[in-house]
Amino acid sequence: MSTKTKKSQYNFQAIETKWRSHWEQENTYQTLGPGNPGFDDNKPKCYILDMFPYPSGAGLHIGHPKGYIASDIYSRYKRMQGFNVLHPMGFDSFGLPAEQYAIEHNIHPATVTEQNIDAMRSQLQFLGLSFDWTREVVTSQTSYYGWTQWIFAQLFDSYFDTGEVWEDGNGRQIKGRAKPIADLEAQFAAGRALSATDRQVLGTDTAWSALTTAQQQAVLNNYRLAYQQEAVVNWCPGLGTVLANEEVTNEGRSERGDFPVYRKPLRQWTMRITAYAERLLEDLDFELEDRNGAPFRLDWPEPIKRMQRNWIGRSEGAEVSFDVLDPQSDAVAGQLPVFTTRPDTLFGATFMAIAPQHPLVDPAGEAYLVPNAWPEETPEPWKGGGDSIREAVAQYVAQVAVSTADETKEKTGIFSGIYARNPVNEQKIPIFVADYVSMDYGAGAIMAVPAHDERDFAFATAYNLDIIKVVTGEEGRVEGWYAGEGTAINSPPVLKADGSPPRRGGDNPYTINGLATVEAKAQIINALVAQGRGQAEVNYKLRDWTFARQRYWGEPFPLATHPDGYSVAVEPPVVLPDLEDFRPETSDDPTQPVSPPLHRAGTEWTTVEIDGVACQRELNVMPQWAGSCWYYLRFIDPHNEEVFCDPAKEGYFMPVDLYIGGAEHAVLHLLYARFWHKALYDLGHVSTPEPFKKLFNQGMMTADAFQDERGVYIDIREVEFRDGEPVEKGTGKVLRRSFGKMGKRYKNGLPPEEVGEEFGVDTLRLYEMYMGPLEASAPWSMEGIRGMQRFLQRVWRNFVDSDRR
RNA sequence: GCCGGGGUGGCGGAAUUGGUAGACGCGGUGGACUUAAAAUCCACUGUCCGCUUAGGACGUGCCGGUUCGAGUCCGGCCCUCGGCACCA
């Protein structure tokens, strides 16, 4: 090749190498903020953030940078428009992915993480992305996670004052607020009465001052935003840890690793995210303001907002209290509260169903009411085949508990031998234990209205229970039940079945006949309130967030247990001890005891002296989401050793103007981060009620994948085409082609360097943007990229090279 | 089952408010340059009818509607991708 031809070639390698090193040496993309010398306060700011990656051993493939390229283009555009652009990058390095990789390759997670971060950083720099690398944060570094622990400590030291209605700095009224737990403690000391739950926890009703510290702490635990709770958790012995609901798949398996997950009661650190359910829901749509009073509304893709709304799952209805009758005497033995969204169908309630874990059928509990023998008139099918009723019920409960989380289509149940009385018509109705009722939603019990609910209908049909129609719909019934709105009838029945007048005549206070569903609901709730049998209630599907993991590679809790059994705060940072044996204790056996690896750290670490008392450190670690809940704040002030983020800088840069990342974080990261942010907002540590103003989900990169006859994926670089048939290069074996997401496990991704070196990074970047709309998924094509290369070559020849001649 | 996104050439995809459907790119065909190849450049490339030309018909998942005019608006369906799933 002659020198002349070479010169006229578009030499992307020379160009890209030159500018990469120039940008690096000059720190071209370093961003200044308040307090930095040379900072220009007159420039408007723009905070452009990417969801930071976790450093996996496989490194990045060409699908990953799609969002980074887009945010880079936007950042450069805003800089040219005169904005002070904050565009940082870091690594989410604690958590299961890094630890699983370390286990598989038998290297310490700290070593693996460091190696992987270095490799990924070079990959990102190779792509010419204009990140300010001086602001890099790594969530597994003590200088970072010390502040994660500090935020945890804020949550531990706070409670949610549900009743408080307050105005934020911009005059917006907000209901409920996180406040220092010391305030609550002071109220108790000043004579605030303990709640019923508090007294139940204590088992005593003495004055606050007369309680021991341990008793006081037991009460306060029930108010803290980070608290300990005995709850049924998702126990995954295959990973040796418990998981959040969000980390368990529909099939009842772990999102990571695909191990079976079992339900297990365990005392766990938990985040009171449910306290924020209403605000997390409202602020998806409200017009908000930043510190300067500039209005903003969350500009998020509607499907993501909808997913968050569904996840929070607000539903309005009523709590109704049914009398529970003593099986021997028929006297009122207690109350069975239920939650219903359709109080207007109370007259159609012909039986009740309670969760298998319900106290009424727990032999160890005080509320246990299952009689010694089946009531005389009990139909055979209700008995579930058992002889002794107590045995049969216990057996049923045990059997349901063993079955995994996945759904069985058939609804099953067993008669508890107990009856309840419907408050609106005084009717005696049977209480069933049923597997379609879950303990952790509503009251763990339902009133069943078979005529107007699909599940109740199926159950009533199977067990031959009464079906009474109390709503007429304009639409026809669907297979015997109708769940839509309509007009109330038979509420109460005008005439009894035999034509005689109804039992209670027309003076029934619950009468709603002829009313449309909406009015009927309101009317009957009023009546329930007047009779002291219930009230309007709102329920949420959202559960509190199980926050502890029995793993090694995570943030240790800044907590220890006092010899008297209560938790005390430990000053952060609590450094993760260097354990040689970091492996979790995994097993196939769901009954294996839970045992966090940090118990091997030795007493010099596990014991800590606080106020002269030797306390035991908390041995669990935080879940992988902890670090990503606030990294966007640390980017603003990454090297500050005094505070987690300087308020002046925070006020200048927040909120994040554009947040780009995948839709897979719609309900996990994005909900957790909003929750932490709101708690920090209440406590005065951040200036905006929401962290991310505009959210954009880039579509995923798809590609062909190839499997041999055993189903093993073959790396796409080992595949060639013969007569249009995909075959493995070495063996010539014919392969099966499938199409889907690009990923490590499908071996259908290419490292960006490989493509960049062959075609040029600018060509790669241009092609990724050219493939179609950013939000849509697009298939990678090795042919398509050539068009972009030709384009850049033409640009070079026509505009640059021609100048030289 | 419920909620949401999406169906346009051989392929990726364009078409701002209802106004020439298929921009741009890939692939394909033919040609130029070259000893040859690569690279590059030029032309053509929705389908069908028409020998060629001239021209014509059809065409945005399916059926119907509104309109002078529909990929775009309305009603009903089909397929596909994603989320949720006994939530009372």
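Chain A is the first sequence line, chain B the second, and so forth, proteins listed ahead of strands; every chain is numbered from 1. All values below come from the heavy atoms of this structure, side chains included, with hydrogens, waters and symmetry mates left out.
Spacing between atom CD1 of A:Ile304 and atom P of B:C84 amounts to 11 Å, rounded to whole angstrom units. Atom CD in A:Glu783 sits about 13 Å away from atom C1' in B:G25, given to the nearest Å. Atom CG in A:Leu766 sits about 16 Å away from atom P in B:C24, given to the nearest Å. Taking atom CG of A:Asn697 as the reference point, atom P of B:C81 lies 20 Å away to the nearest angstrom.
Checking the phosphate oxygens (OP1, OP2) of B:A88, a side-chain nitrogen or oxygen of A:Tyr441 falls inside 4.0 Å.
Relative to the ring axis of A:Phe459, A:Lys411 does not place its NZ or CZ within 45° and under 6.0 Å from the centre. A:Arg674 forms a cation-pi arrangement with A:Trp300, by the criterion of a distance under 6.0 Å to the ring centre and an angle within 45° of the ring axis.
Outside the 6.0 Å centre-distance limit, the rings of A:Tyr463 and A:Phe351 are not counted as a close aromatic pair.
With a cut-off of 3.5 Å on both Watson-Crick or G-U wobble distances, the partner of B:G59 is given as none. Partner assigned to B:G27 is B:U45, using Watson-Crick or G-U wobble distances below 3.5 angstrom. When both pairing distances are held under 3.5 Å, B:G1 makes a Watson-Crick or G-U pair with B:C84. Pairing of B:U40, defined by two Watson-Crick or G-U wobble distances under 3.5 Å, is identified with B:A32.
Salt-bridge check for A:Glu302 with A:Arg309: passed, with a basic side-chain N closer than 4.0 Å to an acidic carboxylate O. Comment: A:Asp323 engages A:Arg533 in a salt bridge, judged by a side-chain N to carboxylate O separation of less than 4.0 angstrom. A:Lys521 has no carboxylate O lying under 4.0 Å from a charged side-chain N of A:Glu316, or vice versa, which leaves the two without a salt bridge. Under a 4.0 Å N-O distance rule, the pair A:Asp72/A:Arg765 qualifies as a salt bridge.
With a glycosidic angle no more than 90° from 0, B:G9 adopts the syn conformation.
The side-chain contact (heavy atoms from CB on, under 4.5 Å) with A:Arg342 is formed by just one residue from the set A:Thr517, A:Val470, A:Asp453; it is A:Thr517. A:Tyr767 pairs in a ring-ring contact (aromatic ring centres under 6.0 Å, His included) with only one of the listed residues (A:Phe791, A:Trp780, A:Phe759), which is A:Trp780.
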Summarise protein proximity over nucleotides 37-45 of chain B in one line of letters, 5' to 3': B for base, S for sugar-phosphate only, - for none, counting protein heavy atoms closer than 4.0 Å.
---SS----

Identify the pairs formed between an N or O of the protein and an N or O of nucleotides 30-34 of chain B at a distance under 3.5 Å, and give each distance.
none

Might you list the N or O atoms of the protein lying below 3.5 Å from N or O atoms in nucleotides 14-16 of chain B, with each pair's distance?
none

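Contact of the A:Met788 side chain with the A:Leu792 side chain is not registered, since no non-hydrogen atoms from C-beta on lie closer than 4.5 Å.
Closest to the A:Tyr770 side chain, of the nucleotides B:C86, B:G4, B:G25, is B:G25.
Between the P atoms of B:C78 and B:C63, the separation comes to 15 Å (whole Å). Rounded to whole Å, the C1' atom of B:C41 lies 8 Å from the corresponding atom of B:C33. Between B:U53 and B:G59, the distance separating the two C1' atoms is 24 Å to the nearest Å. Only the P atoms considered, B:C2 is 39 Å distant from B:C58, to the nearest whole Å. Straight-line distance between the C1' atoms of B:U20 and B:C77: roughly 31 Å, to the nearest whole Å. Nucleotides B:G6 and B:G13, compared at atom C1', are 14 Å apart to the nearest Å.
Across all strands, A:Val437 comes closer than 4.0 Å to base atoms (heavy-atom distances). A:Thr340 comes within 4.0 angstrom of the backbone, heavy atoms only, and of no base. Using a 4.0 Å heavy-atom criterion, one finds that A:Ser315 contacts the sugar-phosphate atoms exclusively.
Classification of the A:His669-A:Tyr659 ring pair by plane angle, with boundaries at 30° and 60°, yields perpendicular. In this pair, A:His61 and A:His64 present their aromatic rings tilted. The plane angle is within the 30 to 60° band.
Nearest-nucleotide positions on RNA chain B for A:Ile785 and A:Ile446 put A:Ile785 closer to the 5' end.
In this model, no donor atom of one side chain and acceptor atom of the other lie less than 3.5 Å apart for A:Ser315 and A:Asn539.
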